[in-house]
Amino acid sequence: MTTISTIGVIGAGTMGAGIAQVAASAGYQVALIDTTDELVQHGVDKVDAGLQRLVDKNALTTNDRDAARSRISGSVDVPSLRNANLVIEAVIESLDIKRAVFAEVDRVVSKCAILASNTSSISITALAACVSHPERFAGMHFFNPVPVLPLVEVVCGLQTDDDTVVTIQKVARTMGKTPIAVADMPGFAANRILVPMINEAIFAVADGVASAVDIDEVMKLGASHQMGPLALADLIGLDVCLHIMEVLHQDFGDDKYRPAPLLRQMVAAGLLGRKSGIGFHQYDS
Ligand SMILES: NC(=O)c1ccc[n+]([C@@H]2O[C@H](COP(=O)([O-])OP(=O)(O)OC[C@H]3O[C@@H](n4cnc5c(N)ncnc54)[C@H](O)[C@@H]3O)[C@@H](O)[C@H]2O)c1
């Protein structure tokens with residue numbers, strides 16, 4: 001198993017900041033990278049807010065907060081990752097941008113480093129093809145919000161070797177997460193099951209089966225879901241749900257994954273859920 005002490009996290013957005021927080025809290029040195037100083041600072045501010053929330057809930061001491069924070073450095077400089085043993089990429093969901101990021105990372109890290117992507121939908125095998133050691137490449141798929149949700153899907157590409165899988169599983173456990181190995185298939189496991197369920201709930205609203213509020217109540221009361229599928233769609237972002245359905249539809253070539261026309265309409269109208277204030281439900285600011 002490869003020993004990991006320093007983790008590079010590329011992309012200081014929603015997921016990157018969460019990953020940096022749990023990595024630093026687990027005792028790793030963390031280098032958090034984004035494209036501008038402002039975006040890096042924004043990510044670091046999110047980590048600070050996340051750690052402070054835990055202190056406020058008495059789930060973290062102020063000493064541990066300060067120790068975690070001191071392990072994080074921010075930068076716009078990918079070459080500063082040269083000492084990282086593990087690099088987790090969490091930039092926007094674009095194959096071209098992720099490929100460019102990994103090509104640059106590949107040039108600076110040691111050949112023993114492990115590279116991982118937090119992608120929700122892009123093939124790990126395809127991403128691994130642009131680095132010099134595809135056997136040391138895997139998916140490390142965290143869930144949002146990272147500090148709260150315990151699952152990490154460890155996605156094995158065609159060439160991922162056992163050492164890489166075992167090392168990533170160990171890192172995930174050290175972060176307090178539960179790793180589950182899954183194959184590199186569209187949607188991996190969680191999104192392949194979850195997002196078509198959300199899509200079906202949207203078809204049900206469009207068919208007049210029940211209102212959005214009632215569909216959510218049905219699944220909470222009748223299926224013991226903590227949150228209804230439409231409230232969950234609003235939380236994930238309807239644009240993200242549509243993108244995942246399109247990937248499933250295209251990559252499996254099976255019409256059972258056809259995105260609901262109402263989902264397409266809502267995205268076209270800019271009704272994206274919580275982030276736009278309106279989706280299947282309404283939100284204050
Ligand atoms: N948000 C979720 O619920 C969620 C859940 C699981 C996985 N993911 C995946 O995680 C990844 C990131 O998603 P997010 O929601 O954090 O996105 P986000 O938009 O919040 O953050 C992406 C960050 O990447 C930065 N970035 C873009 N290009 C870059 C580059 N070349 N170098 C360095 N940084 C760059 C952006 O400036 C931004 O800060 C995506 O692949 C997404 O599919 C997201």
Side-chain angles (χ1 to χ4, degrees), residues 8-23 30-47 49-50 74-81 84 87-108 115-124 126-127 130 138-155 172 177 179-180 182 184 186-195 198 227 231-248 272-276 279:
V9 178
I10 308 189
T14 306
M15 298 304 286
I19 295 166
Q21 180 186 324
V22 297
V30 177
L32 182 61
I33 306 278
D34 210 300
T35 48
T36 67
D37 289 331
E38 290 71 28
L39 288 165
V40 172
Q41 189 55 49
H42 192 55
V44 171
D45 290 347
K46 271 194 284 210
V47 174
S75 175
V76 293
D77 186 26
V78 172
S80 69
L81 296 179
V87 175
I88 305 171
E89 168 277 313
V91 308
I92 52 173
E93 192 74 344
S94 152
L95 177 60
D96 289 344
I97 291 175
K98 287 183 192 289
R99 273 196 175 132
V101 165
F102 279 117
E104 194 177 0
V105 171
D106 195 38
R107 280 195 291 275
V108 301
L115 307 183
S117 175
N118 183 52
T119 178
S120 308
S121 62
I122 296 172
S123 160
I124 292 303
L127 285 174
C130 68
M140 192 169 187
H141 187 209
F142 291 83
F143 289 75
N144 185 20
V146 177
V148 177
L149 293 183
L151 177 62
V152 173
E153 288 184 318
V154 180
V155 187
K177 303 298 178 195
I180 296 186
V182 299
D184 185 21
F188 312 134
N191 284 338
R192 177 176 175 168
I193 298 164
L194 180 67
V195 185
I198 287 171
M227 185 182 246
L232 184 56
D234 284 351
L235 181 68
I236 294 171
L238 300 191
D239 50 339
V240 176
C241 293
L242 176 58
H243 175 72
I244 294 171
M245 286 311 298
E246 285 173 336
V247 169
L248 294 173
L272 304 181
R274 280 179 187 261
K275 60 185 159 189
S276 70

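Throughout, residue positions are numbered sequentially from 1 according to the sequence presented. This one's a predicted model, so the numbers in the text were calculated from it and none came from an experiment. Just so you know, ligand 1 is whichever comes first in the structure, and atom 1 is the first atom listed for that ligand.
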[atom] [closest protein heavy-atom partner, distance rounded to 0.1 Å]:
atom	value
atom 10 (O) of ligand 1	Asn118 ND2, 2.9 Å
atom 30 (C) of ligand 1	Thr35 CG2, 3.5 Å
atom 20 (O) of ligand 1	Thr14 N, 3.0 Å
atom 21 (O) of ligand 1	Gly13 CA, 3.3 Å
atom 41 (O) of ligand 1	Glu93 OE1, 2.4 Å
atom 7 (C) of ligand 1	Ser120 OG, 3.1 Å

Could you tell me whether a side-chain N or O of [X] sits under 3.5 Å from a main-chain N or O of [Y], the two making a donor and an acceptor?
X	Y	answer
Glu104	Asp106	no
Glu93	Ser121	yes
Glu153	Ala190	yes
Lys98	Ser117	no
Asp34	Leu39	no
Lys177	Val146	yes
Glu89	Phe102	no

Run down the list Thr36, Ile97, Val91, Leu235 and name the one with the heavy atom closest to atom 24 (O) of ligand 1.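 The option holding the nearest heavy atom is Val91.
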Does even one non-hydrogen atom of [X] get within less than 4.0 Å of ligand 1?
X	value
His42	no
Glu89	no
Ile236	no

Backbone or side-chain N or O of [X] under 3.5 Å from ligand 1 N or O:
X	answer
Thr119	no
His141	no
Asp34	yes
Met15	yes

Would you mind listing which atoms of ligand 1 come within a distance below 4.0 Å of any non-hydrogen atom of [X]?
X	value
Asn144	1 (N), 2 (C), 3 (O)
Ile92	19 (O), 22 (C), 24 (O)
Lys98	40 (C), 41 (O)

Exercise check, heavy-atom protein proximity under 4.0 Å to atom 17 (O) of ligand 1: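 No.
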Please report the C-alpha distance between Val78 and Val101 in whole Å, then the side-chain angles of each, then the deciding distance to 0.1 Å, and finally whether the side chain to side chain contact (heavy atoms under 4.5 Å, CB included) criterion is met. CA-CA 9 Å; Val78 172; Val101 165; 6.0 Å; no
For Gln41 and Asp45, which I'm curious about, is there any donor-acceptor pair between the side chains at under 3.5 Å?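 Yes, side-chain donor-acceptor contact under 3.5 Å.
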Can you see whether Ser120 engages Asn191 through a side-chain donor-acceptor pair at a distance of less than 3.5 angstrom? no
Between the side chains of Asp239 and Lys275, is the shortest nitrogen-to-carboxylate-oxygen separation below 4.0 Å, so that they form an ion pair? yes
Backbone, side chain, both or neither: what part of [X] comes under 4.0 angstrom of ligand 1, heavy atoms only?
X	result
Ile10	side chain
Val101	side chain
Phe142	backbone
Leu39	side chain

Carefully, step by step, assess Val91 and Asn118 under the rule side chain to side chain contact (heavy atoms under 4.5 Å, CB included). CA-CA 8 Å; Val91 308; Asn118 183 52; over 6 Å; no
Mark yes when over 12 heavy atoms from residues, nucleotides or ligands other than His243 sit less than 6.0 Å from its NE2; otherwise mark no.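 Buried by this count: over 12 neighbours within 6.0 Å.
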